[in-house]
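The next block holds one structure in the form of structure tokens; read it before the comments.
By convention in this document, chain letters (A, B, ...) are assigned in the order of the sequence lines, proteins followed by strands, and residues within each chain are numbered from 1. Because the structure is a prediction, the values reported are computed rather than measured. As a basis for the values below, the full set of heavy atoms in this structure was taken, side chains included, without hydrogen atoms, waters or symmetry mates.
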Number of protein chains: 2
Amino acid sequence: MLTPERHRFILSLLQEQKVATVQELSAATETSESTIRRDLVQLEQEGKLTRFHGGAQWREPSVKSEETTIAQRLSQHEAEKRAIARFAASLVKSGDCLFLDAGTTTFYMIDDLPPGAIVVTNGLTHIERLLERNIKTYLIGGSVKGMTKALIGKGAVESLKNYRFDKCFLGINGVHLEHGLSTPDPEEAFVKQTAANASTEVFVLADHSKLGKTTFSFVCEMEDVTLITNDVNDQQQLDPYKKKTKVEVVTP
Amino acid sequence: MLTPERHRFILSLLQEQKVATVQELSAATETSESTIRRDLVQLEQEGKLTRFHGGAQWREPSVKSEETTIAQRLSQHEAEKRAIARFAASLVKSGDCLFLDAGTTTFYMIDDLPPGAIVVTNGLTHIERLLERNIKTYLIGGSVKGMTKALIGKGAVESLKNYRFDKCFLGINGVHLEHGLSTPDPEEAFVKQTAANASTEVFVLADHSKLGKTTFSFVCEMEDVTLITNDVNDQQQLDPYKKKTKVEVVTP
DNA sequence: TCACATTCGATTAAAAATGATCAATTGAAT
DNA sequence: ATTCAATTGATCATTTTTAATCGAATGTGA
């Protein structure tokens, strides 16, 4: 049995039954235990499995490919997000210094930004598109969050201290009348906070599915920001938000 | 059987059964194993397949723009760079905190890094692969340099001040006996300097084509670093470098 | 804690595959 | 016709892979 075949075999067996012993694999592939051990060492190096005394166990690939994760999220409320993004981008003037949060809605903004805007972002997925549009781009530092490709942590916050913004565009997971704005990851919340504090104006982009939701980490009060959301069937639903702060309603 | 026919045949067979041995291909095409090996080397260079000891395996054509641009640059001195990278990675122990410079040679290191290493980098192109390998990754901030996807400028240098490294791996464009190490972009040079200063050990990865060259921006003296380079035909060529500093010579 | 059985990793030797080299062949250009 | 470069196949030293062995390390149960 050839080396790559063996590797594939080992991985597929592990994927199926989560664990396998060296003996088991040795017998199934008709090779020596030495060979299996070498294979396991190699595959562990590659991060494909975790070894333990006697065998190995399946390891979930930590990051799904960028495209699939984004593609999946894009499908949800895509039209609303695009409309919100387009409106948000229309607020930007050439020469403005912006903070552009990681996330799909802010990602859509890039296409409609005026040339000459200067962008600071914590979203790795934004970079490619920003460069294609020849927009001067700065990235903050920090630890790379696998799932969303956002930069978080101390490094991110420290980096942000070097910038001041005219406008700050944040994505958000929860918008609640009493609990304010919130997001699931505390580290990410802290980054949003810091960016908001460094900005003259703060805009929060949230489609209607986020309204009334609360998640774990508090970011800031609704009074501190302008909320940009989309048209909902029941118009009166938005009234209490309008009493709290400035709300821009976009029709997709 | 003519060369292009053979290549087509090899690829179609691989597409069908994913793997094939040299023997198998040699028999099927009625050519010598030498010829098949030459074919496989060529096709691997073109990124059409992956070779392994005993044969080759099918490689899915990747459509990502990022990889193609890298793939193009890979063609130059690829074997040397890979060998240098592999050696450099072998110096890393699990738990080490590293700075990994942007660039193709350092990119190759990622595959061979031990799991458990902690990486700080200024290379955006490295991120994807690092995450695939489940390596804890920090990105420094800064302005994004379009061409090389490296982070540079004040933000980058400021970010670096938050880190200390066990080992620092730098790519470099010029290695000169008198002029020391140099790179074309002053901003990039400053980032390399800062990273080197924050590290206990500094390694410079440079294939033989960089030796004797000088470019615009000085980075540091050769005495301050360990040079990792590849075997050259004229061994004595390396002697003066060895007198200056520690040199590791790698055979591709 | 100790003894016992298993498993591990380093080492070794043999087999297989590789890359480098060289001579022979082919085909094109002069 | 002759030269030259490119392709090929054969040869051989070197490298890689493999399986077997054995002391050390690890887990298990009393």
Side-chain angles (χ1 to χ4, degrees), chain A residues 1-11 13-14 18-46 48-57, chain B residues 1-11 13-14 17-46 48-58 75 77-87 89-90 93-95 111-112 114-116 207-208 230-235 249-252:
Chain A
M1 204 176 202
L2 298 158
T3 312
E5 281 184 299
R6 231 172 31 236
H7 286 188
R8 266 203 297 280
F9 177 84
I10 291 171
L11 289 175
L13 193 74
L14 278 181
K18 305 307 168 196
V19 290
T21 65
V22 172
Q23 283 189 339
E24 205 176 333
L25 292 167
S26 164
T29 57
E30 292 178 327
T31 54
S32 71
E33 298 192 358
S34 301
T35 303
I36 294 298
R37 290 208 184 89
R38 265 191 307 270
D39 288 340
L40 296 183
V41 169
Q42 199 179 333
L43 291 167
E44 185 177 44
Q45 279 271 320
E46 292 168 15
K48 308 254 178 74
L49 52 77
T50 309
R51 236 144 69 86
F52 59 85
H53 201 89
Q57 76 174 332
Chain B
M1 205 176 205
L2 298 156
T3 311
E5 275 186 293
R6 233 174 27 240
H7 285 191
R8 268 198 301 279
F9 177 84
I10 291 171
L11 289 175
L13 193 73
L14 277 182
Q17 55 182 44
K18 305 305 169 198
V19 289
T21 64
V22 171
Q23 287 186 340
E24 207 175 330
L25 292 166
S26 163
T29 56
E30 292 179 325
T31 53
S32 70
E33 298 193 358
S34 299
T35 304
I36 294 297
R37 288 205 187 91
R38 272 188 290 262
D39 289 339
L40 296 183
V41 169
Q42 199 178 332
L43 291 167
E44 185 178 44
Q45 285 276 334
E46 294 169 17
K48 308 248 177 77
L49 52 77
T50 308
R51 237 144 70 85
F52 60 87
H53 200 88
Q57 80 176 310
W58 173 248
S75 52
H77 308 289
E78 197 203 330
E80 290 91 334
K81 286 180 174 176
R82 275 199 185 278
I84 290 170
R86 172 155 295 185
F87 177 80
S90 75
K93 297 185 179 30
S94 185
D111 286 337
D112 297 315
D207 65 78
H208 69 276
N230 62 295
D231 220 351
V232 287
N233 294 334
D234 181 7
Q235 277 298 330
V249 182
V250 176
T251 317

Report the end-to-end axis angle of the helix from dT1(C)-dA30(D) to dT30(C)-dA1(D); each axis comes from five terminal pairs, and the value is rounded to 10°.
40°

Can you name the residues that form a side chain to side chain contact (heavy atoms under 4.5 Å, CB included) with Phe52(A), not counting sequence neighbours?
Val19(A), Gln57(A)

Where at least one partner belongs to residues 29-38 of chain B, residue pairs that pass salt bridge (Lys or Arg N to Asp or Glu O under 4.0 Å), sequence neighbours excluded
Glu33(B)-Arg37(B)

For Lys18(B), check side chain to side chain contact (heavy atoms under 4.5 Å, CB included) against everything at least two apart and list the hits.
Arg8(A), Trp58(B), Glu60(B)

Tell me every residue that passes salt bridge (Lys or Arg N to Asp or Glu O under 4.0 Å) with Arg86(B), counting only those two or more places apart in sequence or in another chain.
Asp112(B)

Just jot down the salt bridge (Lys or Arg N to Asp or Glu O under 4.0 Å) partners of Arg51(A), sequence neighbours excluded, or say none.
Glu44(A)

For His53(B), the side chain to side chain contact (heavy atoms under 4.5 Å, CB included) test, sequence neighbours excluded, returns none

Those residues at least two apart in sequence (or on a different chain) that pass side-chain hydrogen bond (donor to acceptor under 3.5 Å, both in side chains) with Ser32(A) are Thr35(A)

How does protein contact run along nucleotides 4-9 of chain D, one letter per nucleotide 5' to 3', with B for base contact, S for sugar-phosphate only, - for none, heavy atoms under 4.0 Å?
---SBB

Produce the list of close N/O pairs, under 3.5 Å, pairing protein atoms with atoms of nucleotides 25-29 of chain D; give distances to one decimal.
none

Excluding sequence neighbours, so at least two apart, what forms side-chain hydrogen bond (donor to acceptor under 3.5 Å, both in side chains) with Glu46(B)?
Lys48(B)

With sequence neighbours excluded, tell me which residues meet salt bridge (Lys or Arg N to Asp or Glu O under 4.0 Å) with Glu24(B).
none

